[in-house]
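Chain naming here is simple, since letters A, B, ... match the order of the sequence lines and numbering starts at 1 in each.
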Amino acid sequence: MPELPEVETIRRTLAKHLPGRKIEEVEIRLPKLVSPEPERFQALLRGQSFSSFERRGKLLMIHLQGLVLLVHFRLTGQLIYAPQPQEEPPYTHLVFQLDQGRLFYADLRQFGWLELIPEAALASHPFLRRLGPEPLELPFEDFYRLLQRRRRLKALLLDQEVIAGLGNIYVDETLFRAGLHPERQAHTLSEAEARKLWQVIQDVLQEAIRTRGSSVRNYVDGEGVEGTFQEQHLVYNKRQAPCPKCGQPIAYAKIAGRGTYFCPRCQR
DNA sequence: GACAACCTGACC
DNA sequence: GGTCAGGTTGTC
């Protein structure tokens, strides 16, 4: 589900409500999602209050007092704040009872994870340590250097160690807008092609954040609200639809292990 | 690089 | 029944 724009939207919506809110109790119904083990997870969080909300790639980082709660949503994770009593979302696995309202973690496919670590351990955390640069803070010159590898664009851009935050939707959408074939070898791009790709990544991510992310399946933000960037998708999930540029049918193929949508005529 | 694994559900 | 799904990790 959530790629960079979605996690950023979740971060912003939670940051509107939660700083200062105190955790009174944590209910854990699916122990495998949390670390350390549930008893310790609960004990550490009880009495803590939310401080600031940060993001790295697709990872949400929630600061408390000397601790950080890392949340990775994987495909179907949701973190939803309910200020007033309300029915909990389907597939709720964690409930944080707060001094005002509740925070739900729901996850249909149960692939997400929440890990509580000391703030001092952030920099050396194995997941964070391996993440590549933030695409929206990446100068073109650095991006161009990342492309100098013998690897297909689709695989390269999906690799979180190369660049952190793009997922299947945004890779397909940016490659289409840049007119680049997903199987094109990255190192064969001219500087002009690379610059176009860099610019398109900036534009698409910013526009997707502005429109609060893509809700194609079950993504909602920290208030339970859907995004609208899916209305601006040009190829993702549009197999056989006419290409918006040339009218030829959009192709679908498995590339780098992922379902990939592209126009074989416009993308070279 | 390909593929299976982790889960549940939607769709053909 | 089969295939696919916004992610990541481990195995060959």
Side-chain angles (χ1 to χ4, degrees), chain A residues 1-11 29-35 55-60 70-79 89-94 105-115 125-132 135 149-176 182-187 201 204-205 208-209 211-222 225-240 250-262:
Chain A
M1 152 172 90
E3 306 177 27
L4 187 154
E6 289 76 34
V7 180
E8 177 61 19
T9 304
I10 294 169
R11 185 193 72 75
R29 302 172 190 166
L30 196 58
K32 68 171 181 180
L33 297 186
V34 308
S35 120
R55 178 193 57 73
R56 260 298 265 131
K58 303 169 188 170
L59 187 71
L60 181 66
L70 307 179
V71 185
H72 200 301
F73 301 98
R74 289 285 187 95
L75 286 161
T76 52
Q78 302 173 327
L79 203 48
Y91 311 101
T92 293
H93 305 305
L94 267 75
Y105 179 78
D107 194 340
L108 187 153
R109 293 179 69 181
Q110 309 176 8
F111 291 162
W113 48 266
L114 299 92
E115 185 176 353
H125 189 276
F127 183 85
L128 272 163
R129 212 184 23 188
R130 290 168 42 215
L131 286 183
R149 318 191 186 192
R150 191 170 238 96
R151 204 160 163 210
R152 294 175 299 179
L153 282 173
K154 174 91 182 189
L156 190 80
L157 295 177
L158 279 175
D159 187 342
Q160 302 299 296
E161 300 187 28
V162 173
I163 185 168
L166 296 176
N168 209 29
I169 291 180
Y170 294 102
V171 168
D172 282 6
E173 290 296 319
T174 51
L175 288 176
F176 174 76
E183 297 192 277
R184 176 83 175 273
Q185 291 293 325
H187 70 281
I201 290 173
V204 165
L205 290 179
I209 291 169
T211 56
R212 309 171 63 88
S214 299
S215 292
V216 323
R217 205 151 288 110
N218 69 346
Y219 162 73
V220 292
D221 67 18
V225 177
E226 294 189 347
T228 60
F229 189 72
Q230 66 280 6
E231 295 166 12
Q232 296 181 55
H233 290 178
L234 299 178
V235 289
Y236 184 79
N237 231 320
K238 297 187 184 292
R239 191 205 302 232
Q240 289 293 97
I250 296 300
Y252 174 85
K254 201 64 104 188
I255 300 174
R258 310 295 300 277
T260 301
Y261 302 88
F262 63 103

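Partners of A/E183 under the salt bridge (Lys or Arg N to Asp or Glu O under 4.0 Å) rule, at least two apart in sequence or in another chain, are A/R152.
Taking only side-chain nitrogens and oxygens, A/Q110 never comes nearer than 4.0 Å to OP1 or OP2 of B/dC6.
In this structure, A/V71 and A/Y105 have side chains that are in contact, with non-hydrogen atoms separated by less than 4.5 Å. At least one side-chain heavy atom of A/H233 sits less than 4.5 Å from a side-chain heavy atom of A/V216. For the pair A/K154 and A/N168, the minimum side-chain heavy-atom distance is below 4.5 Å.
Within residues 226-234 of chain A, no residue approaches DNA chain C, by heavy-atom distance under 4.0 Å.
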Contacts under 3.5 Å, N or O only, protein and nucleotides 1-4 of chain C:
unit_1	atom_1	unit_2	atom_2	d
C/dC4	O3'	A/Y252	OH	3.3

For nucleotides 8-12 of chain C, list the nitrogen or oxygen atoms of the protein found under 3.5 Å from its nitrogen or oxygen atoms, one pair per line.
unit_1	atom_1	unit_2	atom_2	d
C/dT8	OP1	A/H72	NE2	2.9
C/dT8	OP2	A/K58	NZ	2.9
C/dT9	OP2	A/R130	NH2	3.4

Nucleotide N/O of nucleotides 9-12 of chain B paired with protein N/O under 3.5 Å:
unit_1	atom_1	unit_2	atom_2	d
B/dG9	OP1	A/Y91	OH	2.6

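Using P as the reference atom, C/dT3 and B/dA4 are 11 Å apart when rounded to the nearest Å. Separating the P atom of B/dA5 from that of C/dG2 is a span of 15 Å, rounded to the nearest Å.
Of the possible donor and acceptor atoms, none in the side chain of A/T174 sits under 3.5 Å from a partner among the backbone N and O of A/I201. A/E161 places no side-chain N or O within donor-acceptor distance of the main-chain N or O of A/L131, the cut-off being under 3.5 Å.
In this structure, A/D159 places its CG atom 13 Å from P of C/dG7, rounding to the nearest Å. Atom-to-atom, CG of A/L33 to P of B/dT8 comes out at 11 Å; the value is rounded to the nearest Å. The separation between A/I169 atom CD1 and C/dG7 atom C1' is 12 Å, rounded to whole Å. The CZ atom of A/R109 sits 12 Å away from the P atom of B/dC6 (whole-angstrom rounding). In this structure, CG of A/D107 is placed 9 Å from C1' of B/dC7, rounded to the nearest angstrom. When the P atom of B/dG1 is taken as reference, atom NZ of A/K154 falls 13 Å away, rounded to whole Å. Rounded to a whole Å, the CG atom of A/L30 is 10 Å from the C1' atom of B/dC7. Residue A/Q78 contributes atom CD, which lies 16 Å from atom P of B/dT8 at whole-angstrom precision.
Residues A/L33 and A/G112 approach most closely at CD2-O, 3.4 Å, considering heavy atoms. When every heavy atom of A/P2 is checked against every heavy atom of A/F73, the shortest pair comes out as CG-CB, 3.4 Å.
Note: A/Y261 OH to A/L175 CG = 15.0 Å, rounded to the nearest 0.5 Å. Distance check, rounded to the nearest 0.5 Å: CG of A/L4 to OG1 of A/T9 gives 9.0 Å. For the atom pair OG1 (A/T260) and CD1 (A/I250), the distance works out to 12.5 Å, reported to the nearest 0.5 Å. Note that the NE2 atom of A/H93 and the CD atom of A/Q78 stand 9.5 Å from one another [nearest 0.5 Å]. Rounding to the nearest 0.5 Å gives a distance of 5.0 Å between CD of A/Q230 and OG of A/S215. We find the CG-CD distance between A/L234 and A/E173 to be 5.0 Å, quoted to the nearest 0.5 Å.
In this structure, A/F127 has its ring center closer than 6.0 angstrom to the ring center of A/H72.
Note on A/R151: only backbone sugar-phosphate atoms sit closer than 4.0 angstrom, heavy atoms only; bases stay farther off. Contact annotation for A/Y236: backbone-only contact, meaning every heavy-atom pair under 4.0 Å involves sugar-phosphate atoms and none involves a base.
In this structure, A/H125 and A/W113 have parallel ring planes: the angle between them is below the 30° cut-off, well short of the 60° mark.
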Inset, instruction - List the steps and the verdict of side chain to side chain donor-acceptor pair (under 3.5 Å) for A/E6 and A/Y170. - result: CA-CA 11 Å; A/E6 289 76 34; A/Y170 294 102; 2.6 Å; yes
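Helical stems involving DNA chain C, defined as 3 or more consecutive Watson-Crick or G-U pairs under 3.5 Å, span B:1-6 with C:7-12, B:8-12 with C:1-5.
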